[in-house]
There are 2 protein chains.
Amino acid sequence: MPKVGGRVGIGDVAAAAGVSTTTVSHVLSGNRPVRASTRAQVEAAIRKLGYRPDPSARSLRIQRTENVALVVPDITNPFFPQLAAGMQDILHPEGYLISVSDAALPVRSLDAVVQHLLDRRMDGIVMAPHFATPMHHTRIAESGAKLVRLSGSIDDGLGDIVRSDDTAGVAGVVRHLVERGYRRIAFINGEVTAEPGRLRIAGYRRGLSEAGLDYDEDLVKTETFTRDGGMNGAQSLLRRGARQPDAIVCANDLIAVGAMDALRRRGLSIPGDIALTGYDDIEAAALLSPSLTTVHNPAREIGRSCARLLLDRLADGYDGPPRDVVLPNRLIPRESS
Amino acid sequence: MPKVGGRVGIGDVAAAAGVSTTTVSHVLSGNRPVRASTRAQVEAAIRKLGYRPDPSARSLRIQRTENVALVVPDITNPFFPQLAAGMQDILHPEGYLISVSDAALPVRSLDAVVQHLLDRRMDGIVMAPHFATPMHHTRIAESGAKLVRLSGSIDDGLGDIVRSDDTAGVAGVVRHLVERGYRRIAFINGEVTAEPGRLRIAGYRRGLSEAGLDYDEDLVKTETFTRDGGMNGAQSLLRRGARQPDAIVCANDLIAVGAMDALRRRGLSIPGDIALTGYDDIEAAALLSPSLTTVHNPAREIGRSCARLLLDRLADGYDGPPRDVVLPNRLIPRESS
DNA sequence: CTGAAAGCGCTTACAG
DNA sequence: CTGAAAGCGCTTACAG
């Protein structure tokens, strides 16, 4: 029963329980011992009045907002919502609020997003955009907000990093294909200027070498991370005169979709004539026919890790050097291999 | 140059500009006239000190947080991230912070999410889960937070509603097929217990009637909103002895994927033998081959509308009756029709 | 056109 | 084991 004409404050609880606001506060926080009988009275008063502490007052006093932000490059990419969900798994139970900002639009530049979040006094920020610059990281670190990123290097000392192991992921795909009997395994890459391009081809090489297979540069095509890239790469691999591969590892699912178009156009069956694999596990991967063998990025688990790293610094007093967390990913075998 | 040992406050600005904090506050808010020369001095001091107002102090004083929440049933469904992006388009420039909560998990029930958001004193909440109950809406309304929903009826007086016109969307699909010369147009529905099931079959009927075509119940199958549902529905339409349709309208894209599997298995070409359409425009729709004609839900536009309705009540003093906003959607013609 | 001062609802150092 | 009181940084009614 809130009193008429206003919200129930800690003072109302104190009055109802016949104690000071100090004691009510300590019952809530557990920051100092309270006699059991007193505590019981206070708790009864809290329940009876339906008291809920005001977060603005608390924030003002403790100089922390208990708000955390996630900045993403493109909310349309399903990876990022999953990341957000993972953060929630950990942070909601701790009472933190998570705000998600899409920094995709030019009108809403990363500069403006970061400024907005710092103005709002975020306690922690997870920066996912690959186009974030050291300037952004520095601004965040100097504001006192804790920082976690999804790529780059911890050498700048500006915060923790969480990522999944793309190289191991692709190596796992190669191992899977070798186990199934494939031997002439080709690779269609996207841009090698992008970090995933470099990491994934490294995985391809590692996979071959672990299987004792030679690296053959005729079997590797560097295109773009698009459907067209996959189409071009596959056509180039299948050109007349070339010794054909029996499997094609693609650096992402979109490339695999394009390669699938090209194979189908040539009347080749998948995986009968040629096996095909992707990377990312986009929604379409399961819906294509044949469904696409791929690697699932542990987006949710990455989100959880980000949240835990943040929480270490925010709530658990960790103040050590930046940490670099590398998570395993998961092969999803489907019909295409 | 923040002074050492603490953040720059409004008092520091006032001292630097040689005015009172009252005046600094009014320069920032524009709530009362300030002499141009005074304003200039204050603005210079703000710039020089890099002053940014503290949102907790402001919230405590004005008794609003300028925080808005979006609650979704499943962040994995790409519709909802788009909705969030649309809200951001409108609310970020106004200085609002948006928090997104996934209420999917049983461990994180809708009850708990709503409670968490009310504890955090959200000024406004957009409730997207179809499984939200009147109890949730009532709790929100009673807390004083403004409410916007994506379905239901405004008759309960508990807040505004924004939705897209599923019925018109499916009617548009039928019109499109008729324009392309198709006449025996079948419909595979999902569960009619779900609101989309009811609205979409209504669109099918409206489309037929607008085209002067008769409704033939042999051409309508009620299944589930899944790939299996589509497979079953298509098999049932194509069973021997039945007069075959020349087009199949599916109540969502997943159903269309299943129907595509069934048609392919029968050796039927799409759209040569039978045209096929979906609804929702999931990512896979563009990646299938043939790519799928479908209807795009204007998720981002819905998000913008939700934000505007909230802003009307939060910032612009609107205090009238609940509003029901119905947005048009967009036919995406692709190869399958 | 401007200022002094109260007060929003908490937490915590200080005191007992 | 408990309380009185200061103070976090703003906004605004009141006064001039």
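As the structure is a prediction and not an experimental result, all values here were calculated from the model.
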Which residue, B:L60 or B:G18, contacts DNA chain C at a nucleotide closer to its 5' end, judged by nearest heavy atom?
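Its nearest nucleotide being more 5', the pick is B:G18.
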Atom-to-atom span, [atom1] of [X] to [atom2] of [N] - whole angstrom:
X: B:R121; N: C:dG9; atom1: CZ; atom2: C1'; result: 10 Å
X: A:Y51; N: C:dG9; atom1: OH; atom2: P; result: 10 Å
X: B:H26; N: C:dG3; atom1: NE2; atom2: C1'; result: 11 Å
X: B:N31; N: C:dT2; atom1: CG; atom2: P; result: 15 Å
X: A:I62; N: C:dC10; atom1: CD1; atom2: C1'; result: 10 Å
X: B:L28; N: D:dC10; atom1: CG; atom2: C1'; result: 10 Å
X: A:D54; N: D:dC10; atom1: CG; atom2: P; result: 17 Å
X: A:I10; N: D:dA5; atom1: CD1; atom2: P; result: 17 Å

Go through residues 34-43 of chain B and report each residue with a non-hydrogen atom lying under 4.0 Å from DNA chain C, sorted by number.
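Residues of residues 34-43 of chain B under 4.0 Å from DNA chain C: B:V34, B:R35, B:T38.
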State whether the side chain of [X] and the backbone N or O of [Y] hold a donor-acceptor pair below 3.5 Å, judged by distance alone.
X: B:T65; Y: B:R121; answer: yes
X: B:S99; Y: A:S99; answer: no
X: B:R120; Y: A:G95; answer: yes

Within the pair [X] and [N], is there a side-chain N or O less than 4.0 Å away from OP1 or OP2?
X: B:Q63; N: C:dG7; answer: no
X: B:S20; N: C:dG3; answer: yes
X: A:S25; N: C:dC10; answer: no

Taking only the C1' atom of each, what is the distance from C:dG16 to C:dT12 in whole angstrom?
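Straight-line distance between the two C1' atoms is 16 Å.
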If I pick the P atom on D:dC10 and the same atom on D:dC14, what distance separates them, to the nearest angstrom?
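Going atom to atom, P in each nucleotide, I get 23 Å.
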For the base of D:dA4, is there a side-chain donor-acceptor partner from A:T21 under 3.5 Å away?
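No such pair is found, so the answer is no.
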Check: C:dG3 base within 3.5 Å donor-acceptor of B:R32 side chain:
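Checked by distance alone, the answer is yes.
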With distance as the sole criterion, is a donor-acceptor pair present between the side chains of A:H136 and A:T133 under 3.5 Å?
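There is such a pair between these side chains.
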Does one side chain, of B:D119 or B:Q115, offer a donor that lies under 3.5 Å from an acceptor on the other?
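The answer is yes; a qualifying pair exists.
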Audit row: B:R52, A:L118, side-chain contact (heavy atoms from CB on, under 4.5 Å) steps and yes/no
CA-CA 9 Å; B:R52 318 292 306 192; A:L118 296 182; over 6 Å; no
Per the side chain to side chain donor-acceptor pair (under 3.5 Å) rule, which among A:R323, A:K146, A:R149 passes with A:D160?
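For A:D160, the side chain to side chain donor-acceptor pair (under 3.5 Å) check succeeds only for A:R323.
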Flag the pair B:D89 and B:R300 as a salt bridge only when some basic side-chain nitrogen lies within less than 4.0 angstrom of an acidic carboxylate oxygen.
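Judged by the 4.0 Å cut-off on N to carboxylate O distance, B:D89 and B:R300 do form a salt bridge.
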Check A:R313 with A:D123, please: is the shortest side-chain N to carboxylate O separation under 4.0 Å?
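No.
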For the side chain of B:P53, starting at C-beta, report the closest nucleotide among D:dG3, C:dT12, D:dC10.
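Taking heavy atoms from C-beta onward, the closest nucleotide is D:dC10.
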Choose from C:dT2, D:dG9, D:dA5 the nucleotide whose nearest atom is closest to any side-chain atom of A:T22.
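Of the candidates, D:dA5 comes closest.
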Taking the side chain as every heavy atom from C-beta outward, state whether A:H92 and B:D102 have any atom pair closer than 4.5 Å.
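Not touching, per the 4.5 Å side-chain cut-off.
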Dot-bracket for DNA chain C, please. Rules: Watson-Crick or G-U, both distances under 3.5 Å, ( ) within the strand, [ ] when a pair crosses earlier ones, | for another strand, . otherwise.
|||.||||||||.|||
